[in-house]
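Let me begin by presenting the structure, written as structure tokens, before commenting on it.
Residues take their numbers from the sequence shown, with the count starting at 1.
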Amino acid sequence: MRPLVALVFGGAMLGGCIPQGAPPERLARPAPVRPSRPLPPSVGNGMPAGPIVRGEMIRYATSPCGGACPVYTVTVRHDGTGTFEGQRFTAVSGARDFRVSPAQYEAFLTRLAPYRPRTGSIRTAPGTPACGPHATDMPSVEVQWDGKAGHRAFAYYFGCDRTRNPGIADALGSAPDLLPIASLIGARP
């Protein structure tokens, strides 16, 4: 009973929204993230993570939660173009195009690379073995990679047991901070 109570109150203390590294207004332009050690051998359900594949289009989509979590989709392409589509609780509604530098694209690609499946899709959500005990009313994110290597997808529910998935929520939740879209997303509770 105590672990369940701690999990529920822990989820409530997170504000019910996707974790972020720092408030958007305090973010400095990050340097490209380059792995200093090999990528993890597996992700989520024990499936091996794929290598960094440059040149892919990356689509990052958030889902609703039990509160006022921003719901949006951002698509970033290797040619430096991007599209933000605000849906709910964002500063901008609808589609807006933006540009990313090669360093921003590389940082975003590298941050998400450990979660790119070698093949197919991986889903970590309530009811899957990788999720375990979970908080309710939390958002999720789905990342999709499309390119010459085909289609890959990784979906993660932020209410899953973080002791089973250390670092995944922080890495996925802070990935959009590497892109110039903070003013489009707006305040995040």
Side-chain angles (χ1 to χ4, degrees), residues 18-21 24 27 29-64 69-87 90 92 94-125 128 130-131 139-158 160 165-185:
I18 296 174
Q20 57 191 33
L27 290 175
R29 291 280 178 216
V33 179
R34 303 219 185 265
S36 58
R37 58 187 185 273
L39 296 175
S42 66
V43 174
N45 298 337
M47 294 179 64
I52 293 177
V53 178
R54 287 171 177 77
E56 290 187 312
M57 179 179 71
I58 303 169
R59 182 176 178 269
Y60 179 102
T62 64
S63 73
C69 300
V71 179
Y72 61 92
T73 300
V74 63
T75 303
V76 180
R77 297 166 203 87
H78 71 281
D79 66 358
T81 61
T83 304
F84 174 88
E85 297 175 50
Q87 297 163 16
T90 56
V92 173
R96 298 292 190 282
D97 292 329
F98 63 94
R99 301 281 307 166
V100 294
S101 69
Q104 290 169 324
Y105 173 80
E106 184 72 19
F108 191 62
L109 175 76
T110 303
R111 175 75 52 92
L112 297 173
Y115 311 103
R116 181 186 178 279
R118 286 194 186 276
T119 61
S121 299
I122 296 175
R123 186 172 160 266
T124 301
T128 64
C131 186
S140 61
V141 65
E142 181 176 11
V143 182
Q144 297 178 13
W145 296 262
D146 288 292
K148 291 180 182 176
H151 177 80
R152 308 288 188 275
F154 181 73
Y156 181 78
Y157 176 68
F158 286 97
C160 289
N165 306 292
I168 293 177
D170 293 334
L172 293 175
S174 65
D177 297 337
L178 301 170
L179 302 173
I181 60 172
S183 64
L184 303 174
I185 296 172

Once rounded to the nearest 0.5 Å, what's the spacing between atom [atom1] of [X] and atom [atom2] of [Y]?
{"X": "Y105", "Y": "I58", "atom1": "OH", "atom2": "CD1", "answer": "4.5 Å"}
{"X": "H151", "Y": "S121", "atom1": "NE2", "atom2": "OG", "answer": "5.0 Å"}
{"X": "W145", "Y": "L112", "atom1": "CH2", "atom2": "CG", "answer": "6.0 Å"}
{"X": "R77", "Y": "T83", "atom1": "CZ", "atom2": "OG1", "answer": "4.0 Å"}
{"X": "Y157", "Y": "I168", "atom1": "OH", "atom2": "CD1", "answer": "15.0 Å"}
{"X": "E85", "Y": "T75", "atom1": "CD", "atom2": "OG1", "answer": "6.0 Å"}

What is the minimum heavy-atom distance between [X] and [Y], and which atoms define it?
{"X": "T90", "Y": "P70", "result": "CG2-CB, 3.9 Å"}
{"X": "Y115", "Y": "L172", "result": "CD1-CD2, 3.9 Å"}
{"X": "C131", "Y": "A125", "result": "CB-O, 3.1 Å"}
{"X": "I185", "Y": "P176", "result": "CD1-CB, 4.3 Å"}
{"X": "H78", "Y": "G55", "result": "ND1-O, 3.1 Å"}
{"X": "P117", "Y": "F154", "result": "CD-CB, 4.4 Å"}

Taking [Y]'s backbone N and O only, do any of them form a donor-acceptor pair with [X]'s side chain (distance below 3.5 Å, no angle check)?
{"X": "T110", "Y": "E106", "result": "yes"}
{"X": "T124", "Y": "A130", "result": "no"}
{"X": "Y156", "Y": "V143", "result": "no"}

When you check the gap from the basic side-chain N to the acidic O, do R152 and E56 get nearer than 4.0 Å?
no

Chi angles and distances behind the side-chain contact (heavy atoms from CB on, under 4.5 Å) call for D146, R59:
CA-CA 8 Å; D146 288 292; R59 182 176 178 269; 5.7 Å; no

Taking side chain to side chain contact (heavy atoms under 4.5 Å, CB included) as the definition, give me every residue that meets it alongside P102, ordered by chain and number, with sequence neighbours left out.
none

So if I apply the side chain to side chain contact (heavy atoms under 4.5 Å, CB included) rule between V74 and each of L179, T62, L184, which one comes out positive?
L179

For S174 and R111, does a side-chain donor sit closer than 3.5 Å to a side-chain acceptor?
yes

Looking at the rings of F84 and Y72, which for Trp means the six-membered one, are their centres under 6.0 Å apart?
yes

